[in-house]
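Comments concern the structure below.
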Amino acid sequence: IASLLQYRRPGSSGPWIGITQTMALTDAQISDVYVFPHYDFTDLTRYNSIQLANFDAIDTVITVKIGGVVKGTYPMTAGSSQNVYFLHESGGPVVVSSSNGAKIIATLYEMKRDELGVPWTGQTTMMGVPWSKLSDTYIYPRYNYTLQDTAPYMIFANAEESISTTITVTIGGVLKGTYPMLSGESRVESYIGANGGPVVVQSNNGAKIIASLLQYRRPGSSGPWIG
């Protein structure tokens with residue numbers, strides 16, 4: 001088993017203040033299509049990029065779509081990688097695919113800072129979900145929006161290309177929201193005062209969806225978010 005651990009600090013020296021760890025996929029899980037629920041590079045205190053690699057022995061062209069719209073195509077030789085970003089873009093789902101069935105891999109890399117012009121202080125990396133692994137139900141252990149130094153958001157998208165659905169979010173068995181969603185649509189929702197689990201995100205008709213939990217953090221009960 002393997003993971004990638006990364007520390008971050010706001011400069012070339014001093015203590016490390018940000019951390020992220022991402023589990024690797026097994027070679028049997030590698031796919032030609034990956035999905036993320038959402039992409040947002042409209043806030044310049046929050047950096048978003050998609051990291052791509054061609055794991056195959058053949059060349060390919062990787063396409064990135066956001067909300068069903070092509071945002072970039074990238075010719076990639078066998079064994080190559082690339083970091084791409086889309087300034088001022090926001091939406092989802094994000095679909096990353098190869099043109100010829102070549103096995104690829106993709107992650108969403110994010111950084112956070114409290115204001116423009118200062119170093120990045122927080123970071124996170126999320127592995128894309130292979131298309132074949134998409135489900136109509138996702139479960140998280142816990143959600144807590146009762147703290148002043150943490151702001152959690154549920155992010156989910158309808159990954160289907162032609163099927164509308166209704167997504168429900170329950171926390172500890174209590175319904176927190178019901179969301180009619182068109183194909184290729186995403187949402188970002190929060191539940192101030194909610195505290196509990198498990199969290200269940202589910203479509204009502206078997207439609208394939210995708211979901212993630214985003215959390216901001218700051219070093220106190222007020223002020224800007226830095227992680």
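Keep in mind it's a predicted model, so treat the numbers as computed, not measured. For the single chain, residues carry numbers from 1 onward in sequence order.
- With a 6.0 Å radius and a threshold of 12 heavy atoms from other residues, nucleotides or ligands, E161 has its CD atom at or below the threshold.
- None of Y85, F86, Y47 except one satisfies the ring pair (Phe, Tyr, Trp, His ring centres under 6.0 Å) rule with Y39; the exception is F86.
- The hydrophobic cluster of I17 has no other members, since no ILVMFWY side-chain heavy atom comes under 4.5 Å of it.
- Separating the OG atom in S99 from the CD1 atom in I104 is a distance of 9.0 Å, to the nearest 0.5 Å.
- Hydrophobic clustering (ILVMFWY, side-chain heavy atoms < 4.5 Å, transitive): M76 and L25 are in one cluster.
- Residues L214 and M127 fall into different hydrophobic clusters, defined by Ile, Leu, Val, Met, Phe, Trp and Tyr side chains chained together at heavy-atom separations under 4.5 Å.
- In terms of hydrophobic clustering, with Ile, Leu, Val, Met, Phe, Trp and Tyr side chains grouped at heavy-atom distances under 4.5 Å, V129 and L52 are assigned to different clusters.
- A chain of hydrophobic side-chain contacts below 4.5 Å, direct or via other Ile, Leu, Val, Met, Phe, Trp or Tyr residues, connects I171 to I167.
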CA sep, side-chain torsions, deciding dist, call: T63, V96, side chain to side chain contact (heavy atoms under 4.5 Å, CB included): CA-CA 6 Å; T63 299; V96 180; over 6 Å; no
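- A donor and an acceptor atom, one from each side chain of E189 and Y153, are nowhere located under 3.5 Å apart.
- Linking ILVMFWY side-chain heavy atoms closer than 4.5 Å, directly or via other members, places M126 and I209 in two distinct hydrophobic clusters.
- No donor-acceptor pair under 3.5 Å is formed between the side chain of D136 and the backbone N or O of S203.
- Put simply, the side chain of R113 gets close to the backbone of V118: a donor and an acceptor are under 3.5 Å apart.
- Side-chain N or O atoms of T20 include one that pairs as donor or acceptor with a backbone N or O of T125 at under 3.5 Å.
- A salt bridge does not link K103 to D32: none of the charged side-chain nitrogens sits closer than 4.0 Å to a carboxylate oxygen.
- In this structure, OG in S132 is found 9.0 Å from CD in Q29, a value given to the nearest 0.5 Å.
- In this structure, W225 and Y216 have tilted ring planes: the angle between them lies in the 30° to 60° band.
- Ring orientation note: the planes of Y143 and Y191 are nearly perpendicular, at an angle over 60° on the 30°/60° scale.
- The nearest pair of heavy atoms linking N54 to I58 is ND2-O, 2.8 Å.
- Two residues are said to be in side-chain contact when any heavy atoms from C-beta on lie closer than 4.5 Å; D149 and R217 meet this criterion.
- Neither side chain, N158 nor E185, offers a donor N or O lying under 3.5 Å from an acceptor on the other.
- Without hydrogens or angle criteria, Y138 side chain to S135 main chain gives a donor-acceptor distance under 3.5 Å.
- Remark: I155 CD1 to S212 OG distance equals 4.0 Å, nearest 0.5 Å.
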